[in-house]
Amino acid sequence: MTKFKTLDDLGDIAGKVALVRVDLNLPMQDGAVTDDTRVRASAPTILELAGKGAKVLLLAHFGRPKGERVSTMSVSMTLDALQAVLGEEVMFVPEVAGPVVEQAVGILQAGDIALLENTRFWKGEEANDPAFAKAIAANAELYVNDAFSAAHRAHASTEALAHLLPAYAGRAMEAELTALDKALGNPATPVAAVVGGAKVSSKLDVLTHLVTKVDHLIIGGGMANTFLAARGVNVGKSLCEHELAATCEQILDAADAAGCTVHLPYDVVVAKEFAANPPSLRTCNVHEVAADEMILDVGPQATEALADVLKTCRTLVWNGPLGAFEIAPFDTATVALARSAAALTAEGALVSVAGGGDTVAALNHAGVADSFSYVSTAGGAFLEWMEGKELPGVTALER
Ligand code: ADP
Ligand code: MG
């Protein structure tokens, strides 16, 4: 089925040099890695290649050094986390091309792993410079991309290299692409999408793409206020982009034309101040919001109706929380609908795919991240995929 070569297609790679693009852009504090999720995501690919006897050269970017060697942005800062997760010694090589890498390859034994320096220390990386990519490729025999999160960038280590060496999707990349294909590429229908979060303006392309792709579009969060206002609802002091009223009408018209049902909340949770459990907290119909109130969550009746919508669907794709979930009790609708989706997934009734920084945090908060079919931590690349954009790092891997 797959349009990509995977590690299953490798054949005998004993003693061969494999360049492996991974995501090591890890959150750090005081020189220590605070979250090694991305390392754990790529560990199976790295260990499988090493186990097959390849000499593994890891390639990654770290921070934004903009084509200069910036010592505080050396990818070697991730070396300890890398070795701890892999349970293997990793050699650090302070270059990505040239004789120093060549020498390192000579020292490495089959099954050994080395980490090359931050690709963004060289201008050729972000310029997707073919000569730079050629110099990197010169020391290797195959290329594996396991960094979906960097695939929306056409950079030398994500794009050009894939054309210069036999190219394969790593296990994490393969899992992400398979999940995304099930969600919007070749989904079981009907398909529902939940789009929430703060602003319509940040997700215009997502909304425009989804109305042509899904049967049910559930709009929540601050962006629902903008749609409600466009429909003539008085949303009081709510976060709302009134200037986007016409755009919202266009999206609703496009949904109509495509046979996509748009769900906006009809009851909401409001308060006069943005604080935990404020005294002014109340639930009301969307038409009863007072001038000094803010809509901060979808109401209980609408949430129940949305859970019923999910019961009629086979596929769910979710980006953006339904309310201001960081503050109690405005997490209620997000948590409830996430748990409904998780239960349907557990029954085998629903394929559920979610992504987005705050969305992942909200699903963790609801305790259901592991119960979804797939949760993408890719951030920008996930959003561009939801916008229907081509991802250069993925396209370059196609057979
Ligand atoms: P993601 O990171 O998953 O793509 P977003 O960044 O688009 O999600 O949106 C998350 C933010 O939206 C959260 O900080 C949340 O508090 C905010 N938000 C959700 N609903 C509301 C609302 N009704 N009013 C104000 N902010 C909201
Ligand atoms: Mg966010």
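Just follow the structure's listing: the first ligand is 1, and inside any ligand the first atom is 1. Worth saying up front: this structure is predicted, and the values here are computed from it rather than measured.
Using a 4.0 Å cut-off to heavy atoms of T359, the atoms of ligand 1 that qualify are 1 (P), 3 (O). Here is the list of ligand 1 atoms found below 4.0 Å of a heavy atom in L296: 23 (N), 24 (N). Below 4.0 Å from some heavy atom of P321 lie the following atoms of ligand 1, by number and element: 8 (O), 9 (O), 10 (C).
The number of heavy atoms from other shown groups lying within 6.0 Å of CD (E304) does not exceed 12. The environment of K66 atom NZ is sparse: at most 12 non-hydrogen atoms of other residues, nucleotides or ligands sit within 6.0 angstrom. Other residues, nucleotides and ligands place more than 12 heavy atoms under 6.0 Å from the CG atom of N277. Dense packing is recorded around CD of E288, with more than 12 heavy atoms of other residues, nucleotides or ligands lying under 6.0 Å away. With a 6.0 Å radius and a threshold of 12 heavy atoms from other residues, nucleotides or ligands, Q109 has its CD atom at or below the threshold. Atom CZ of R231 sits in a sparse spot, with 12 or fewer heavy atoms from other residues, nucleotides or ligands closer than 6.0 Å.
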Checklist entry - Step by step, would you call Y168 with E174 a side chain to side chain donor-acceptor pair (under 3.5 Å)? => result CA-CA 9 Å; Y168 304 84; E174 181 187 353; over 6 Å; no

Next on the checklist: Evaluate E117 against S76 for side chain to side chain donor-acceptor pair (under 3.5 Å), listing each step before the verdict.
Outcome noted: CA-CA 7 Å; E117 185 52 287; S76 64; 5.2 Å; no

Checklist entry - Under the side chain to side chain donor-acceptor pair (under 3.5 Å) criterion, do H155 and R21 qualify, and how do the steps go? => result CA-CA 11 Å; H155 292 171; R21 179 57 159 96; 5.5 Å; no

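Nearest protein neighbour of atom 7 (O) of ligand 1, counting heavy atoms only, is K203 NZ, 2.7 Å. With hydrogens left out, the protein atom closest to atom 12 (O) of ligand 1 is A198 N, 3.1 Å, a heavy atom. Closest to atom 19 (C) of ligand 1, if we only count protein heavy atoms, is G323 O, 3.1 Å. Closest to atom 22 (C) of ligand 1, if we only count protein heavy atoms, is G222 N, 3.5 Å. The closest protein non-hydrogen atom to atom 23 (N) of ligand 1 is I295 O, 3.1 Å. Scanning all protein heavy atoms for the shortest distance to atom 16 (O) of ligand 1 gives E326 OE1, 2.6 Å. Atom 1 (P) of ligand 1 has D358 N, 3.6 Å as its closest protein atom, hydrogens excluded (heavy atom only). Protein heavy atom closest to atom 9 (O) of ligand 1, with residue, atom name and distance, is G197 CA, 3.1 Å.
The nearest N/O/S atom of D358 to the Mg ion (ligand 2) is OD2.
Contacts with ligand 1 closer than 4.0 Å are made by side-chain heavy atoms of L239 only, the backbone lying farther away.
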